[in-house]
Colleague: 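Would you mind keeping the following structure in view while I ask a few things?
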Amino acid sequence: MNMSIKDTVQNTVNVSNFSRSQLGQPDENNLYQAVATVTEGHWPENLSGYVFIVCPFHRKNDRHLFSGEGVIIKWDLQGKNNQVNVYSKKLKTWDSFWRKVLPIFNISQATFPAVVSILGCSEIANTAIVKLEKVSENEQLEETRLILTADAGRYWEVDPVSLDTITPIGYFDQHLVSVPLSFFPVLENTAHPFYDKKTKEFITCELKLKLVSGGMLKDLDKSAYIVLWDQQKQLKPWKLQGAILDGSPHSVIVTEDYIMIPDMPFQMGVAKLLGIRIKPEETYPKTQIYLVKRQDLKEEETTVPSQLITFNGDSYHFLCNYHSINGQIHLVAIQNATISLTEAIEKDDIQHFTGQGYPPEYHGIPWMFSFDPGVLRKVVIKDARVMSEQAFIHPGWFSTTLYTADPRELEQGYSAIYQVYAGYVRELICRRQYMDFRDQSNRILRDAELPCHDLPSVLAKVPFDKDWNQLTEQISQEKNASDTHVSHLGRELLDFYVCPDGYILDSIQFIPQEQGYLFTTVLTPTRVLEAWLFNPDNLKDGPIAKLSLPEDVHFGFTLHSEYFEQALPSPRPSVSQVNRVLSALRSLVLVPVEFFLGKPAAIYNRQVKK
């Protein structure tokens, strides 16, 4: 039955699920195990491998949902008797140990991205996962390593079998420290480094901060460095010439020829870390990306030239082909005009649309629900120039969040993106968020055009071979000519699934087996966490299987994921092993000396010690 927008009912989102962290009962090795049961459909008998998902451990009274240390979740896809085993363990960072024993940590409330105390900045590693694999000459898998990442703090290695925390990557004085705070200095980097399986290079980006003219009230400028890690002994940085970032390089984009560092709207200065409410510097209203030719990264050099490109929209994530096509870079930018993942609902905030205050369970939920449709922007770049842009905008799909694609297509080029839209949830849009973005130049809808009711979460497959501008126009024409529910527009043009009211799609992972599968975790209106399995070529018919965890096991809002066909124990000790006591001493002595005296040799000739 066709529905008009006025027939949409109020969403029944269970807000308390966002911040739940109930891992269940641990075994003698502190590994948590739960059994997820198939409640609908049939779990494929031939499915195998593991989906790893990372999320923050949600603590009571944290001022931001993403500030807890990482929890690694392992879904064993080889089901038996319509059941799937799920394992989880909290990351044991060294600062988390002190948080348990020192009162100062117990009174510290986390802001984005972490707790700051007299001991420094906590390390969270709660955002994304990088898979490292070592393959023999006869194509046999010899080793798997799992690296957890975040926008702040060092990356941490975790054993993919036992889920034990192994080591941080490097001593602090081997990184580009942003602020030399005590034992745990502030380190700002990208949450999405890239592992190049062809060159065996681990490519990341780190920032070094300095006071701008105007002092602390204007916060800090950020110089960007590309850093290559060989996963064993060496960290090699190059400073990007002429690159000063307003925001954060949340993602590193890599092709066979280029490394691209985006300047993204993540405001993460020291004022943000300390919880000081200083209005951030106005960011440039378009996407800025610094392009570096990989051939210009010379071992004997300490800097590298960069070229700057810009295109429309506020970008938060990217999907990019590894190989160029006729000398052209093809990428997709995932965009939102009215969100800020570094801001969150606070106790003094009010709901914008009703003027009502927020109960405690809402505090700390980021401004990740937009009051504007999400945008997917297809961009073609050649010779450091933007050759073309196409934007896909669906009037009923709000809040672009996580995405996935078929990793088997990395070589020849992706054919489609599978995008999660979290929906339009009016009660999660506070007045401060509205005031900050009401005049945003990238907004699509005027206030009078905003829906009067919530809109559902959606999973959509958007093919790359379509003209996205034309697709947007066709759906717009259909909206004007019919009374179809706005979230269901475009049924004849695209394959997508619209969730029932109150269900929000969360983490998503493509499983590259046979025709492929899509694995998603789902926040439900009840207290039960679910996982849904889709046929990626037939989303419209809904999940082919649904899993439910016991009610006493819940991971809250989860983030990025990775698929492992096999999981082998990590080598011990790690080739990157870091000594805990030595790390603290070096942070207290070497980090401030380098930071304030700026010794180039200390920066550019570093090694990760065995």
Side-chain angles (χ1 to χ4, degrees), residues 56 62-64 66-70 91 93-96 98-99 104-105 108-127 148-156 168-191 193 204-212 215-225 227 235 237 239 244-250 264 266-276 278 280-281 341-342 578 583-598 602-603 606:
D62 277 353
R63 289 184 286 176
H64 199 289
F66 298 162
S67 59
E69 61 265 35
L91 191 69
T93 57
W94 298 339
D95 62 275
S96 64
W98 292 112
R99 185 180 300 112
I104 184 64
F105 271 107
S108 299
Q109 290 185 326
T111 181
F112 186 88
V115 169
V116 174
S117 74
I118 60 171
L119 293 183
C121 182
S122 64
E123 297 191 274
I124 50 178
N126 65 11
T127 306
L148 298 187
T149 69
D151 291 285
R154 293 172 295 183
Y155 304 150
W156 284 73
I169 304 304
Y171 294 93
F172 279 109
D173 59 284
Q174 296 170 310
H175 291 277
L176 278 302
V177 168
S178 296
V179 181
L181 288 175
S182 194
F183 294 98
F184 303 106
V186 178
L187 171 63
E188 289 195 37
N189 40 229
T190 177
T204 184
C205 176
E206 297 183 358
L207 302 180
K208 191 163 188 177
L209 279 63
K210 64 178 181 179
L211 285 171
V212 299
M216 192 69 175
L217 290 182
K218 296 190 72 175
D219 221 326
L220 300 165
D221 271 344
K222 305 167 185 178
S223 299
Y225 293 73
V227 180
L235 282 164
K239 183 178 181 180
I244 300 295
L245 274 58
D246 296 323
S248 168
H250 178 66
M264 301 165 72
F266 280 68
Q267 296 295 312
M268 281 177 43
V270 172
K272 171 64 62 180
L273 280 168
L274 297 177
I276 302 171
I278 297 174
E281 291 291 294
L341 297 182
T342 58
V578 170
S583 177
L585 294 175
R586 290 171 65 154
S587 295
L588 286 174
V589 179
L590 296 179
V591 168
V593 170
E594 177 199 302
F595 185 87
F596 292 109
L597 300 182
I603 298 176
R606 293 171 167 160

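Starting from 1, each residue takes its place in the sequence as its number.
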Colleague: Do Ser122 and Glu69 touch side chain to side chain, with heavy atoms closer than 4.5 Å?
Modeller: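 A side-chain contact under 4.5 Å is absent here.
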Colleague: Is there a donor-acceptor pair under 3.5 Å between the side chain of Asp151 and the backbone N or O of Glu188?
Modeller: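 It does not hold such a pair.
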Colleague: Which pair of heavy atoms, one from Met264 and one from Pro249, lies closest together, and at what distance?
Modeller: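 Closest pair (atom of Met264, atom of Pro249, distance): SD-C, 4.3 Å.
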Colleague: For the side chain of His175 and the backbone of Leu235, is there at least one donor-acceptor N/O pair under 3.5 Å apart?
Modeller: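 Side chain of His175 to backbone of Leu235, a donor-acceptor pair under 3.5 Å: no, none is there.
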Colleague: Any idea which heavy atoms bring Ser248 and Leu245 closest together, and the distance?
Modeller: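 Heavy atoms of Ser248 and Leu245 come nearest at C-CD2, 4.4 Å.
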Colleague: Where do Val578 and Pro168 come nearest, in terms of heavy atoms and distance?
Modeller: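 Looks like CG2-O, 3.5 Å.
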Colleague: Nearest 0.5 Å please: distance from the CZ atom of Phe172 over to the CZ atom of Phe184.
Modeller: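 Between Phe172 CZ and Phe184 CZ, I get 6.5 Å after rounding to 0.5 Å.
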Colleague: For Ser587, give me all partners under side chain to side chain donor-acceptor pair (under 3.5 Å), at least two apart in sequence or on another chain.
Modeller: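 So Ser587 forms no side chain to side chain donor-acceptor pair (under 3.5 Å) with any residue.
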Colleague: If I take atom CG from residue Leu588 and atom CG from residue Asp173, how far apart are they, to the nearest 0.5 angstrom?
Modeller: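 If I round to the nearest 0.5 Å, the distance is 11.0 Å.
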Colleague: Heavy atoms only: give me the nearest Lys208-Val177 pair and the separation to one decimal.
Modeller: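 Minimum heavy-atom separation between Lys208 and Val177: CG-O, 4.0 Å.
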Colleague: What is the minimum heavy-atom distance between Arg154 and Trp156, and which atoms define it?
Modeller: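 Distance-wise, the nearest heavy atoms are O-CD1, 3.1 Å.
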Colleague: When rounded to the nearest 0.5 angstrom, what distance separates OH in Tyr225 from CG in Leu207?
Modeller: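 Those atoms lie 10.0 Å apart.
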Colleague: Ser67 and Ile124: which non-hydrogen atoms are nearest, and at how many Å?
Modeller: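 It is O-CG2, 3.2 Å.
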Colleague: List for me each residue that meets side chain to side chain donor-acceptor pair (under 3.5 Å) alongside Thr149, sequence neighbours excluded, and say none if there are none.
Modeller: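 Thr149 satisfies side chain to side chain donor-acceptor pair (under 3.5 Å) with no residue once adjacent residues are dropped.
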Colleague: Any side-chain to backbone donor/acceptor pair from Glu123 onto Thr93? Under 3.5 Å, distance only.
Modeller: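 No.
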Colleague: Quick check for you: to the nearest 0.5 Å, what is the distance between Leu585 atom CG and Tyr171 atom OH?
Modeller: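 Answer for the CG-OH pair, Leu585 versus Tyr171, is 10.0 Å.
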Colleague: Looking at Asn126 and Ala150, would you say the former's side chain and the latter's main chain have a donor-acceptor pair under 3.5 Å?
Modeller: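 Side chain of Asn126 to backbone of Ala150: no pair is present.
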Colleague: Quick check on side chain to side chain contact (heavy atoms under 4.5 Å, CB included): which of Leu176, Asn189, Thr190 does Cys205 satisfy it with?
Modeller: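 Answer to the side chain to side chain contact (heavy atoms under 4.5 Å, CB included) test with Cys205 among Leu176, Asn189, Thr190: Thr190.
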